[in-house]
Each structure stands twice: as C-alpha cells, then as structure tokens.
Peer 1: 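Below is the structure I would like to discuss, written out as structure tokens.
All values below were derived from every heavy atom in this structure, side-chain atoms included, with hydrogens, water molecules and symmetry-related copies excluded. When a ligand or atom number is given, it counts from 1 through the structure's own listing order.
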Amino acid sequence: MKVSEWKESVIDPSQIDKYLVDGEDFICEDTIKQQIKDGENPSDEYIEKIIQKALSVHTLAPEETAALLNVKSPQMWDKIFAAALELKKKVYDNRIVFFAPLYCSNLCVNNCEYCGFREKNCTEKRVILDSDHIKRETRSVLNEGHKRLILVFGEHPKSDIDYMIDAIKAVYDVEAEAPKSGKLANIRRVNINAAPMSIEKLQRLKETGIGTYQVFQETYHKKTYSEVHPKNTLKGDYHWRLYALHRAMEAGIDDVAIGALFGLYDWKFEVMGLLYHTLELENRFGVGPHTISFPRITPASGSDLSKNLPYQVSDEDFKKIVAILRLSVPTAGLIITARENPELKREVIKLGCTQTDASTRIGIGGYSDQLNQDKQQFTIGDPRDLDDVIQEVLKEGFIPSFCTAGYRCGRTGETIMGMLSHCVEGKFCKLNAVLTFKEYLYDYASEETRRLGEKVIEKELKEIHKEQYFIDHPKLTGKFDQQFHDIT
Ligand code: SAM
Ligand code: SF4
C-alpha cells in the first residue's frame, strides 16, 4: 500500500464523532481560562481545605485545581509540597517503580515542530529495528536489571500494528542470564507509546498482552495544537488524538496514560487540560488515567521550536506542576523521565512521583549499538545507569520496585483504581517491591547498592510486620470490592 493510501485509512471519523457531546469535546478554552482567572488570590483557608480533600484521596474539581495554580505565598507552597509527598506515600507507599524506554523506529509521517523524528527533518537518519535487533536491545536492558519496558514508535505504515505486535512478541521472547546470579530473567511488562489508532487495532494490541497504552495530547490548547501539528498530517487531527484513550478503553485496554508536553503553551492551561481529561475518563469509563506524564520539551535535532520555546517552563514552575498534579489526581501514577537532570529529578521525586526511567538511551538501537547514539529524538538530561539512580533513590528513603504483577493479576483499570482510592494498593505493592528489589540486589546490584538496599529492605520488613500487608495472588482478580472482601 502506498503511504498516501495508508494515511487515508488511519483515521475513522465515526470513532471520533461518537464521543462528542452536541458536537463539542470536553476541553473548553473559555471555561478553563475563566476558572484560572476566578481562582486568583485564593485564601489560605480555601487552599487548606483543598489539601485536606486531596489527602482524603478525591480527585479535585477544576475550580480547586485552578485555586492551587494561583497560590503565591511561599509558605503555602511549602504546605502543598509537603502534602504532595504525604499523599503519594498514603496512596502508593514509598515505592519508586523503574522502567526503560525502547525506541523501535524513528520513521514518521508527521511533522511535529518540536520533534527530531518529524518527516521533514533531513538530518535524521531513519532506522527501524527488526525483531533480532529488538531482541538485542531487550537483552541489553535486561542486563541492567530492568523488568518493565515502554516501546516507543513513530507513526508510519512500516511501524503500524503488525510491526508493533511483532516487536512486543520479540521483547517477551527474550531470556537473558542475570550477570551476578546467572538466573534467567525476562521483561515482564511491556507498555506502549504510539500514535492514536482505531478500536480494532487497539484490540489486537490488547490481545498481544500490553500493560499501559500511553498517548500524550502534547497541548490541550487547540490553536497551539494546530500551529505545531500541521493540518495535513495525521497528528494534525486534535480530536483523533483527544479520544485515543477512549478507544483504548473500548478496546479493553483499561490502563491508559495521558500527558502534556510542557513548553508549547501556558503550563497552567495544560494542567487544567490534564485534569479535564482525567475527569472525562472517570465519568465515562469509571476509571481515570493509570499514569500522567509531564515532559518538558528539550532541544531536538532539526527543530528550531524546541530550542526557542514560546512558553518555557522554569524549574520552579515545574515543581508546582508536579505537586498540583499529585494533589489533583491522587490515584494516578506520576512519571518523571530522564529528560530532566539528576538534581531536578531528585527534587520532584519528593513531590509525589511514582515512576522513573533510568539507564535511558533514546537513540534507535541505542542500548546495544553504540554507533546509533546520535539518532536521538531529543536530548536527555539524565544518562545515569540504573544502579546509580537506585543508590540515589535509596538514600532519599524510597524503595525501588520492579514489580509488574498488577496487570498480570488483574489489578488494572477499575480494580486498581478502587484499591488506590481505598489506600490498599500500597499494601500489596510494598511486599512486591521488597521481593522484586531483593531479586535486583542479588542479580544485578553493585556492592554499594546492595549494602544500601539491604538496610532499606530491613526497614520495610519491619513496617510489613507491624501492619497488615497482603500477598499478591493471581487468583485475586475481578472487582475490587470482592477482592477486598476476600482478603480481609
Ligand atoms: N509518535 C508517537 C506520538 O507522537 O504519539 C509516539 C512517539 S513520540 C516519540 C513520544 C513523545 O515524545 C511525544 O508524545 C512527545 O510528547 C515527546 N517529545 C517529542 N519531542 C520532544 C522533545 N523535543 N522534547 C521532549 N519530548 C518530546
Ligand atoms: Fe512523529 Fe511522534 Fe515525533 Fe510527532 S512526536 S514527529 S508523531 S514521533
């Protein structure tokens, strides 16, 4: 099939129209702007009340998030930052889940102004990994100690659904000996970051066995969206993208991940967009996003925009974004990536993040093939090895987790959201974190990490003995209430 014919076949307007209400979507620019304006000068009492609501694990209303966006007093920000960490620990315990991204192909038919993969970027050498190469990459990532991958694809007929399915299977096929123990290890959870697709294609992804399906809206502001995503491209269709995760839910993928790319438009507007997206998913499907991402644009090859951002987000504002998202959507995981430098990552992890990548290479073939290191989609700020990042996280008092049990034990969608909002999920996960981290210590860790890690495990085990924690069990599937009844 010619590329032009394939492009014609991708978007199915009937899979957009069915979600519109009276022809309208759920992002109303005027309403959001008015809410941000109305939220100006919030009283300390109101902010305290909002913090208490978040701490009781309730998604905030737009007016409440708008008030947080308008807080000015440094004392109040200190309270918000402290509450963000408290809430994270209450819902997710003190785990940090680790993953690695694996970039499969940089072929792309789109022309996003901020991205090095865009079609018009002639400086980018195009590469698409075959199954053998994906297996080599997987082996390299496994050798670091990872158990969870996110596969990333440009949008192109050559990397369409059949290629994605083969890539997922290739990853799951690999078994590699752990360097310290010689034990066989494999990737236990594959997440996907790929362009929006039809319900039929998403059903095929689901059948292949994926964890989370992630699509970032980039910007919720429609005018900006059309300026940075040319109209004549697939990505130029704002609604096809806005409803990508609705289609995923309909296809049975109930762990979906949203995100906004910060730097394109006013960060306050984007935070409100992420909240409205959450509320829409919660109202329509009873389940909010599994995770929220908040990448900041970093310089990309062949992209002037990425080097001259119209709405550059400062480090101070970035911290506010993370803390406000934490309070606004208490049940969502928050992902901080290697786009950010180690110093800032260290700070925002303490504001409620639940996941991070490490030993990240975003060049195509970047893990196994050093020659391809230059083929990066954008610049990363934290190239440290997994072992180094783990040491740092341990020193901050968190426990690294390689747990992937959730989706294999049926703890997805409504089930996991129920457990998170009842603050029970952390109790399953603490044990799984200890078990999987102990496994890491024996199979991969350096001497120093092992020493630090054993101490943290000792502390965690004391907590486990003190309180009632649950052993994860594959038979515990189905609705949360039934599970809760079964285990108490
Ligand atoms: N092609 C798919 C898409 O656009 O949804 C997925 C792959 S794309 C490589 C993954 C994400 O990288 C994008 O959704 C965007 O948010 C992010 N990204 C693109 N250019 C970036 C840049 N210069 N800096 C930081 N993140 C960037
Ligand atoms: Fe292609 Fe995604 Fe990059 Fe846009 S962001 S150019 S769709 S890879």
Peer 1: May I ask which of Glu218, His156, Glu113, Arg118 has a heavy atom nearer to atom 14 (O) of ligand 1 than the others do?
Peer 2: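 Ranked by closest heavy atom to atom 14 (O) of ligand 1, first place is Glu218.
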Peer 1: Is the closest heavy-atom distance from Val215 to ligand 1 below 4.0 Å?
Peer 2: no
Peer 1: Side chain, backbone, both or neither: which part of Tyr114 comes within less than 4.0 Å of ligand 1 when only heavy atoms are counted?
Peer 2: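 The part of Tyr114 near ligand 1 is both the backbone and the side chain.
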Peer 1: Atoms of ligand 1 less than 4.0 Å from Ala300 heavy atoms?
Peer 2: 23 (N)
Peer 1: Going by the order shown, which atoms of ligand 1 are within less than 4.0 Å of some heavy atom of Lys235?
Peer 2: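 Near Lys235, the atoms of ligand 1 are 3 (C), 4 (O).
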Peer 1: For ligand 2, which atoms sit closer than 4.0 Å to a heavy atom of Lys235?
Peer 2: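 With Lys235 as reference, the close atoms of ligand 2 come out as 2 (Fe), 4 (Fe), 5 (S), 7 (S).
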Peer 1: Hey, are Lys135 and Asp130 close enough for a salt bridge, meaning a charged N less than 4.0 Å from a carboxylate O?
Peer 2: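 No, Lys135 and Asp130 are not salt-bridged.
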Peer 1: Does the shortest distance from atom 1 (Fe) of ligand 2 to an N/O/S atom of Cys115 fall below 2.8 Å?
Peer 2: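 Short answer: no, not a single N, O or S atom is under the cut-off.
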Peer 1: Establish, yes or no, whether the cationic atom of Arg296 lies under 6.0 Å from the six-membered ring centre of Trp267 and within 45° of the ring axis.
Peer 2: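 No, Arg296 and Trp267 do not form such a contact.
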Peer 1: Backbone, side chain, both or neither: what part of Arg296 comes under 4.0 angstrom of ligand 1, heavy atoms only?
Peer 2: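 Backbone only.
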Peer 1: Whether the Glu282 and Thr59 side chains hold a donor-acceptor pair (N or O, under 3.5 Å, no angle test) is what I'd like checked.
Peer 2: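 Thr59 and Glu282 do have a side-chain donor-acceptor pair below 3.5 Å.
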Peer 1: Between Ala194, Gly116, Cys112, Pro196, which one has a non-hydrogen atom sitting closest to atom 6 (S) of ligand 2?
Peer 2: Cys112
Peer 1: Do Tyr19 and Glu250 have side-chain atoms, one donor and one acceptor, less than 3.5 Å apart?
Peer 2: yes
Peer 1: Taking non-hydrogen atoms only, is Val152 closer than 4.0 angstrom to ligand 1 via side chain, backbone, both or neither?
Peer 2: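 The side chain, only.
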Peer 1: Can a donor-acceptor pair be found, under 3.5 Å and without considering hydrogens, that links the side chain of Asp22 to the backbone of Glu24?
Peer 2: no
Peer 1: May I ask you to list the atoms of ligand 1 that are less than 4.0 angstrom from any heavy atom of Cys115?
Peer 2: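 Under 4.0 Å from Cys115, ligand 1 has these atoms: 20 (N).
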Peer 1: Assess the residue pair Thr65 and Met272 against the criterion (side-chain contact (heavy atoms from CB on, under 4.5 Å)); give the C-alpha distance rounded to whole Å, side-chain angles, the decisive distance to 0.1 Å, and a yes or no.
Peer 2: CA-CA 7 Å; Thr65 295; Met272 294 293 281; 4.0 Å; yes
Peer 1: Of all the atoms in ligand 1, which lie at a distance below 4.0 Å from a heavy atom belonging to Ile297?
Peer 2: 23 (N), 24 (N), 25 (C)
Peer 1: Give the atoms of ligand 2, by number and element, whose distance to some non-hydrogen atom of Arg118 is under 4.0 Å.
Peer 2: 6 (S)
Peer 1: Within the 4.0 Å heavy-atom shell around Cys108, which atoms of ligand 2 are there?
Peer 2: 1 (Fe), 6 (S), 7 (S), 8 (S)
Peer 1: Give the atom numbers and elements of ligand 1 that come within less than 4.0 Å of a heavy atom of Phe153.
Peer 2: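 In order of number, 1 (N), 2 (C), 6 (C), 7 (C).
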Peer 1: Between the side chains of Glu175 and Asn186, is a donor N or O closer than 3.5 angstrom to an acceptor N or O?
Peer 2: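 There is no such pair between these side chains.
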Peer 1: N/O of Tyr103 under 3.5 Å from N/O of ligand 1, yes or no?
Peer 2: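 In fact, backbone or side chain, Tyr103 has no N or O that close.
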Peer 1: Under 4.0 Å from any heavy atom of Phe117, which atoms of ligand 2 are there?
Peer 2: 3 (Fe), 8 (S)
Peer 1: Quick one: does ligand 1 sit under 4.0 Å from the side chain of Arg241, the backbone, both or neither, non-hydrogen atoms only?
Peer 2: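 Just the side chain.
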Peer 1: Identify the residue among Asp388, Asp387, Asp382 that makes a salt bridge (Lys or Arg N to Asp or Glu O under 4.0 Å) with Arg384.
Peer 2: Asp382
Peer 1: Using atom types as modelled and distance alone, determine if a side-chain donor or acceptor of Glu347 lies under 3.5 Å from a backbone N or O of Leu344.
Peer 2: no
Peer 1: Applying the side chain to side chain contact (heavy atoms under 4.5 Å, CB included) criterion to Leu151, which one of Ile134, Thr138, Ile168 satisfies it?
Peer 2: Ile168
Peer 1: Should the heavy atoms of other residues, nucleotides or ligands under 6.0 Å from NZ of Lys18 be counted, would the total exceed 12?
Peer 2: yes
